[in-house]
Amino acid sequence: MKRPPKLRHNNSSIFFIDRTQREIKTMQKENEQSNKNQEQPLQISLNDQMQRRFEERQHLMEAGINPYPTHFEISHASLEILNNFEEEAKTPVSVAGRIMTIRKMGKASFFHLQDSAGRIQIYMKKDEVGEVTYNTFRLLDIGDIVGIRGFTFKTRTGEISVHAESLELLTKSLRPIPVAKEKEVDGEKVIFDAFSDKEMRYRQRYVDLIVNPEVKQTFIKRSAIVSFMRNFFAQQGWLEVETPILQPIYGGAAARPFTTHHNALDMQLYLRIANELYLKRLIVGGFDGVFEFAKDFRNEGIDRFHNPEFTQVELYVAYKDYNWMMKLVEELLYQTALAINKSDSTLFLGNEISLQTPFRRLSIIDAIAEYTGKNIGGQSEEELRSTAKDLGLELDPKISSGKIIDEIFGEFVEPKLIQPTFITDYPTEMSPLAKEHPSLPGIVERFELIVGGKEVCNSFSELNDPVIQRERLESQAKLRQRGDEEAMIVDEDFLRAIEYGMPPCAGLGIGIDRLVMILTGQDSIRDVIFFPHLKPE
RNA sequence: GAGAAUAUAGCUCAGUCGGUAGAGCAUCUGCCUUUUAAGCAGAGGGUCGAAGGUUCGAGUCCUUCUAUUCUCACCA
């Protein structure tokens, strides 16, 4: 460099750079030349804004100032200052956060710092912080992270702020963040030109979280929902466990799996589609109640209700049945809603949903009768097929009676069940792991909870007769041979386990992503998963 | 898997009949000591998603491809 930029600093971490436009141009030229000469490993394509920020980082380091120091003592979060403000106190505070707005007015400036709790305005006056610090500040960018020491006060226009006495750069930001401006109109916040491109929001969730505060709230709620449920289960004395994600035989649900390969063992493995069979092994082993918050993986379509990996909590409780489990689910969801939203009602897909207990209960046969006028109780496969035809439903000729009922239900009933509704007593054929109803032949003790037209829970009294279980799995294997890719596989180890004897048991699965969607009012699963699956850029 | 829409500056978006690439915010320079979508004056910034084609000339018309969004189908 022919002429380095003027750098002055004193013994604190304060710096001062004075540049003219011409000097910047010269430096850019030199930078380009040195890039050519030295084959920089840096492969980031720079726009003008990034170029300038890279240079600034370099200048700081040349001046012996670390743009990435290791720590800063924080006394207050932004929200604490706002909540505990006392007009006359002038409380000394130190705060840290990302610069989100800047309003420079010559020898005084205002800017907002954003920390994890919120935003706080900082006021800085040249007379008070001195020329060196003030000029330091003038060079910082929106997006930089700084620490401020000062005292609290309220501005002429009434905003609680921090009057800065010193400033320390904590992290230099190299990429411009898409700042949106906001304004209050009649107490309502109006946001201008928000960062709203959905693809970029999902791909660069970190940016989404910085600039769209309501996104953060959704995920904070998600965390609170899981914590609340975990405590709810733990307080009953049930054990939180972990079971394999990599499985030699997958099972517990009707779905197509992901496959992977273990090199050292040279064997194919599957990513689990459900935890059910492993959790039941633990009930055999003598635990009275086990639960697992689990990532499951299903190799199927992607839309706003389905992500290839999703979260379920499964719970198994010995000596209980599905009627008991229904009461538990009602209580759990009601309590969760109250804890999270302070309300038992929520807006989901345009519908006001009430989680007030008790939820409606309806057998699948009655539900179909109510919403289609067709009584399918006791109908044979052929009769069911003609009922479906009457209703205008086209069916794959391969599917059998259980699936036909499921199709009719899914097409004509499920979308209409907006308020929480337990659908009970499914055909045995659809539920190979559920125990048959003692007084209803061909029907199992099973329920699903439908909310907003979508399945949220699935539960049954678990089948524990190993002989019948083997028959059921073997007939699944036959369906598989007929071409049903989702039919289950015979899992000999699971059968061996329940041959030792599994106590009567109620099982439950709750789709966490969907529950979070309902309780946070989000219409897409992508808005409740930090990093939803997208094709590579 | 099928259909529709979208892709232009860091962000949000205009761009008419095919004829020199536009705005607001952000950035840079100057002024401004309680502002808040701060203000005033000026400046810089573009492989118009990618590749072909038509044309004297393409952001614009045609073809193919890529990604996303929405709807439908399957799945929870």
Side-chain angles (χ1 to χ4, degrees), chain A residues 19-25 28 45-53 100-112 119 121-129 134 139 141-143 153-159 161 163 174-185 189-203 207 211 253-256 273-274 296-312 394 396 406-407 410-411 414 448-450 454-458 485-486 509-515 517 523-526 532 534-537:
Chain A
R19 294 165 322 196
T20 63
Q21 184 110 27
R22 189 193 287 161
E23 280 172 333
I24 291 172
K25 285 231 169 109
Q28 280 174 342
S45 73
L46 301 181
N47 61 43
D48 57 335
Q49 296 192 37
M50 285 184 67
Q51 177 76 32
R52 189 184 53 71
R53 289 169 180 228
M100 296 302 286
T101 68
I102 300 179
R103 290 174 296 284
K104 292 176 189 169
M105 298 177 307
K107 296 183 182 65
S109 293
F110 289 91
F111 53 103
H112 277 100
R119 287 189 186 185
Q121 180 171 260
I122 313 294
Y123 175 59
M124 183 176 284
K125 203 153 60 154
K126 189 173 181 179
D127 287 356
E128 290 173 1
V129 297
Y134 194 72
L139 291 166
D141 292 302
I142 289 176
F153 79 114
K154 193 180 255 183
T155 63
R156 203 174 279 167
T157 48
E159 180 165 350
S161 306
H163 199 124
L174 298 182
R175 291 180 182 269
I177 61 170
V179 281
K181 295 217 168 187
E182 49 187 62
K183 180 190 188 180
E184 286 212 359
V185 179
K189 223 196 263 177
V190 184
I191 298 177
F192 297 84
D193 301 335
F195 178 64
S196 58
D197 183 299
K198 284 194 175 177
E199 180 179 0
M200 273 196 288
R201 286 185 45 221
Y202 299 144
R203 286 195 196 281
V207 177
V211 302
R256 295 208 301 268
I273 59 171
D296 290 339
F297 307 84
R298 297 190 185 173
N299 205 341
E300 287 160 355
I302 299 173
D303 63 26
R304 67 183 170 133
F305 296 103
H306 300 85
N307 196 58
E309 53 182 291
F310 65 105
T311 305
Q312 260 200 117
E394 287 196 21
D396 185 334
D406 195 32
E407 292 278 335
E411 182 70 23
E414 194 174 28
E448 289 193 356
L449 178 66
I450 315 294
K454 292 283 162 189
E455 180 190 338
V456 175
C457 302
N458 185 16
E485 286 184 80
E486 292 175 354
I510 301 176
I512 295 293
D513 310 280
R514 287 194 182 169
L515 180 62
M517 285 170 70
D523 290 352
S524 170
I525 198 168
R526 294 186 191 100
L534 298 176
K535 290 190 193 174
E537 286 178 78

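Note that this is a predicted model, so its numbers are computed, not measured. Every chain is numbered from 1 and lettered A, B, ... according to where its sequence line falls, protein lines coming before strand lines.
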With respect to the side chain of [X], which nucleotide from [options] is positioned closest?
| X | options | answer |
| --- | --- | --- |
| A:Q49 | B:C13, B:C74, B:A26 | B:A26 |
| A:L534 | B:U69, B:G45, B:A26 | B:U69 |
| A:M105 | B:U34, B:A67, B:C74 | B:U34 |

### Message
When both hydrogen-bonding distances must be under 3.5 Å and the geometry is Watson-Crick or G-U wobble, what is B:A43 paired with, if anything?
### Response
B:U27
### Message
It should be established whether A:R175 places a side-chain nitrogen or oxygen under 4.0 Å from OP1 or OP2 of nucleotide B:G10.
### Response
no
### Message
So, OP1 or OP2 of B:U34: does either fall under 4.0 Å of a side-chain N or O from A:K154?
### Response
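Answer is no, no contact under 4.0 Å.
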### Message
Under 3.5 Å, is there any donor-acceptor pair linking the side chain of A:D48 to the base of B:G44?
### Response
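For A:D48, whose side chain was compared with the base of B:G44, there is a donor-acceptor pair (under 3.5 Å).
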Between [atom2] on [N] and [atom1] on [X], what's the gap in Å once rounded to a whole number?
| X | N | atom1 | atom2 | result |
| --- | --- | --- | --- | --- |
| A:R526 | B:U68 | CZ | C1' | 9 Å |
| A:K104 | B:U36 | NZ | C1' | 16 Å |
| A:K125 | B:U35 | NZ | C1' | 13 Å |
| A:I102 | B:U35 | CD1 | P | 18 Å |
| A:F297 | B:A76 | CZ | P | 17 Å |
| A:N299 | B:A76 | CG | P | 14 Å |
| A:F153 | B:U33 | CZ | P | 16 Å |

### Message
What's the gap between B:A14 and B:C32 when it is taken at their P atoms, as a whole Å value?
### Response
39 Å
### Query
What interatomic distance, in whole Å, is found between C1' of B:G24 and the corresponding atom of B:A58?
27 Å
### Task
Using the six-membered ring for Trp and the full ring for Phe, Tyr or His, decide whether A:F192 stacks on the six-membered base ring of B:G24 (centres under 5.5 Å, planes under 30°).
no
### Query
Syn or anti for B:C32, taking syn as within 90° of 0?
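That one's anti.
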#### Entry: Whether A:H163 and A:Y123 hold their rings parallel, tilted or perpendicular, with breakpoints at 30° and 60°
perpendicular
### Query
Between A:F305 and A:K454, is there a cation-pi geometry (under 6.0 Å to ring centre, at most 45° from the normal)?
yes
### Query
Which part of the nucleic acid, if any, lies within reach of A:D197 when heavy atoms closer than 4.0 Å are counted: base, sugar-phosphate only, or nothing?
sugar-phosphate
